[in-house]
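A short worksheet on the structure shown next.
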Amino acid sequence: MPIEKPFQTRKVVIIGAGRVGSHVALCLMFRHLVNEIVFLDVNREAAEAQVMDLEDLASGMGDSFNIHVGDYADCADAHFIVLTAGRSRRPGETRLDMLGGTMKVLEGIVGPVRDSGFNGIVLSVSNPADIVTEYLYRNLGLPREHVFGTGTALDSVRLRRILSGIIDVDAKQIQAFCMGEHGDSSFIPTSHVTVGSITLREYLAMNHHSNSNIDFDDVKRMVKESGSKIVGGKGCTEFGIASVVAEIITAILHNEKRMLPLSVHLEGEYGESGISAGTPCIVGSNGIDAVLEIDLSYDERRAMRNSCSIIRGYVDQVMPEVPAQE
Ligand SMILES: NC(=O)C1=CN([C@@H]2O[C@H](COP(=O)(O)OP(=O)(O)OC[C@H]3O[C@@H](n4cnc5c(N)ncnc54)[C@H](O)[C@@H]3O)[C@@H](O)[C@H]2O)C=CC1
Ligand SMILES: CC(=O)C(=O)O
């Protein structure tokens with residue numbers, strides 16, 4: 001007798017089969033989050049090689065996945081598109097320096113994705129992350145809940161790692177995130193840092209510290225320098241961001257309603273609209289369930305405004321027209 005509720009396959013299309021794209025696939029496979037992975041890349045030969053290598057991994061793990069190189073028609077029935085096309089950041093380069101090159105890449109991608117009839121969730125990674133997210137939002141015709149970027153999620157992972165080292169508490173017990181641009185103007189809303197459910201101030205006091213023991217300017221500098229240090233040492237960053245993508249996809253597939261800092265098109269939150277920037281969001285099976293506008297101190301509000309105005313400057317350069325939805 002046929003099963004009334006058929007088991008469904010989960011399909012992801014990864015655009016850009018480079019270092020980030022391949023590690024996103026790896027994390028999704030290790031966690032069994034999808035069973036079909038399609039790579040789209042202008043370098044088809046390299047993408048075919050990634051497929052073979054990942055098939056070897058699946059064989060080695062005793063797992064089976066449908067992994068292949070495809071074309072844009074594959075987007076039609078995909079649940080997710082993960083955009084990682086472009087190239088790695090070069091030592092000394094800011095993410096914003098990459099805008100011109102990324103725009104050329106995007107121009108060849110958005111039309112075919114839109115024409116494919118894709119109706120799932122787009123998760124954008126390519127840099128500069130917030131400007132790319134805004135470009136996708138304006139050009140794909142999808143709601144902001146379904147097209148968003150990893151934004152400051154990676155910065156936040158780094159922040160928790162660094163805080164964990166300072167206060168000697170496991171990173172997963174620390175609630176802390178970065179906001180604004182995924183880039184040099186990101187900031188830490190320090191008033192929202194907690195350890196367990198205890199405010200950082202109280203936690204430090206209980207442990208005979210004083211709040212001044214944490215120099216958040218220094219922490220911010222370390223967070224910002226993490227990316228450049230990794231790029232300087234190995235030519236790219238790939239593992240951290242791949243884990244971030246897997247976490248977001250987990251939150252969606254398991255309808256976790258989990259708070260994650262993502263880059264999303266703002267519609268008046270923090271007094272900003274017409275750009276995408278990093279802010280905490282609730283993530284569940286509909287993508288972004290809610291864009292949270294949290295309380296910020298005077299200095300944090302200024303930092304958010306500054307970060308958004310930097311993003312806006314670049315958005316206006318490459319997309320002078322106002323989004324159709326507004
Ligand atoms: N948002 C974040 O937190 C992070 C963002 N990134 C960004 O991710 C992007 C990818 O980085 P990597 O994987 O290290 O670069 P990579 O150079 O290893 O791979 C990029 C791939 O994109 C492909 N590609 C280029 N143009 C394309 C097009 N029009 N259509 C399809 N594929 C195309 C290339 O052939 C290459 O295989 C960069 O923009 C990088 O800055 C990387 C790490 C973290
Ligand atoms: C490349 C990049 O954006 C990062 O690792 O933060």
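We count ligands from 1, going down the list as the structure has it; atoms in each ligand are counted the same way. Only heavy atoms go into these numbers, but all of them, side chains included; no hydrogens, no water, no symmetry mates.
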Practice prompt. Please list, by chain and number, the protein residues whose heavy atoms come under 4.0 Å of ligand 2.
Written response: R89, R95, N127, L154, R158, H182, T237

Worksheet item: Do the two ring centres, one from H265 and one from F148, sit under 6.0 Å apart?
Response: no

Worksheet entry | For T237, atoms of ligand 1 separated by under 4.0 Å from a heavy atom | 43 (C), 44 (C)

Practice prompt. May I ask you to list the atoms of ligand 1 that are less than 4.0 angstrom from any heavy atom of V105?
Written response: 26 (N), 27 (C), 28 (C), 29 (N)

Worksheet item: Of the choices A17, S88, G86, G18, which has the non-hydrogen atom that lies closest to atom 12 (P) of ligand 1?
Response: S88

Worksheet, complete the sentence: Sorted by chain and number, sequence neighbours left out, side-chain hydrogen bond (donor to acceptor under 3.5 Å, both in side chains) with T194 holds for Q175

At under 4.0 Å between heavy atoms, is it the side chain or the backbone of [X] that contacts ligand 1, or both, or neither?
X	answer
N127	both
T150	side chain
V244	neither

Item to complete: With sequence neighbours excluded, give me every salt bridge (Lys or Arg N to Asp or Glu O under 4.0 Å) pair touching residues 99-111.
Response: none

Practice prompt. Start with the C-alpha gap between E36 and H68, add the side-chain angles, then the distance that decides, and say whether side chain to side chain donor-acceptor pair (under 3.5 Å) holds.
Written response: CA-CA 8 Å; E36 183 172 357; H68 58 99; 2.9 Å; yes

Worksheet item: Does a donor on one side chain and an acceptor on the other come within less than 3.5 Å for E300 and H192?
Response: no

Discussion item. Between S276 and D130, do the side chains contain a donor N or O and an acceptor N or O under 3.5 Å apart?
Written reply: no

Among all the protein's non-hydrogen atoms, which is closest to [atom], and how far away is it?
atom	result
atom 1 (N) of ligand 1	V125 O, 2.9 Å
atom 10 (C) of ligand 1	T84 O, 3.1 Å
atom 11 (O) of ligand 1	V20 CG2, 3.7 Å

Discussion item. Between ligand 1 and H182, is the shortest N or O to N or O distance under 3.5 Å?
Written reply: yes

Worksheet item: Is any N or O atom of S126, backbone or side chain, closer than 3.5 Å to an N or O atom of ligand 1?
Response: no

Fill in: By ring pair (Phe, Tyr, Trp, His ring centres under 6.0 Å) - contacts of H79 (at least two apart)
none

Practice prompt. Taking atom CG of D316 as the centre, report whether more than 12 heavy atoms of other residues, nucleotides or ligands fall under 6.0 Å from it.
Written response: yes

Item to complete: Starting from the C-alpha separation in whole Å, work towards a yes-or-no answer on side chain to side chain donor-acceptor pair (under 3.5 Å) for S226 and R161.
Response: CA-CA 11 Å; S226 290; R161 163 176 58 76; 3.1 Å; yes

Practice prompt. Determine, step by step, whether K11 and D77 satisfy the salt bridge (Lys or Arg N to Asp or Glu O under 4.0 Å) criterion, reporting the C-alpha distance in whole Å, the side-chain angles of both residues, the deciding distance to 0.1 Å, and the verdict.
Written response: CA-CA 8 Å; K11 176 175 178 181; D77 63 348; 2.6 Å; yes

Item to complete: Return yes when M98 approaches ligand 1 closer than 4.0 angstrom through a heavy atom, no otherwise.
Response: yes

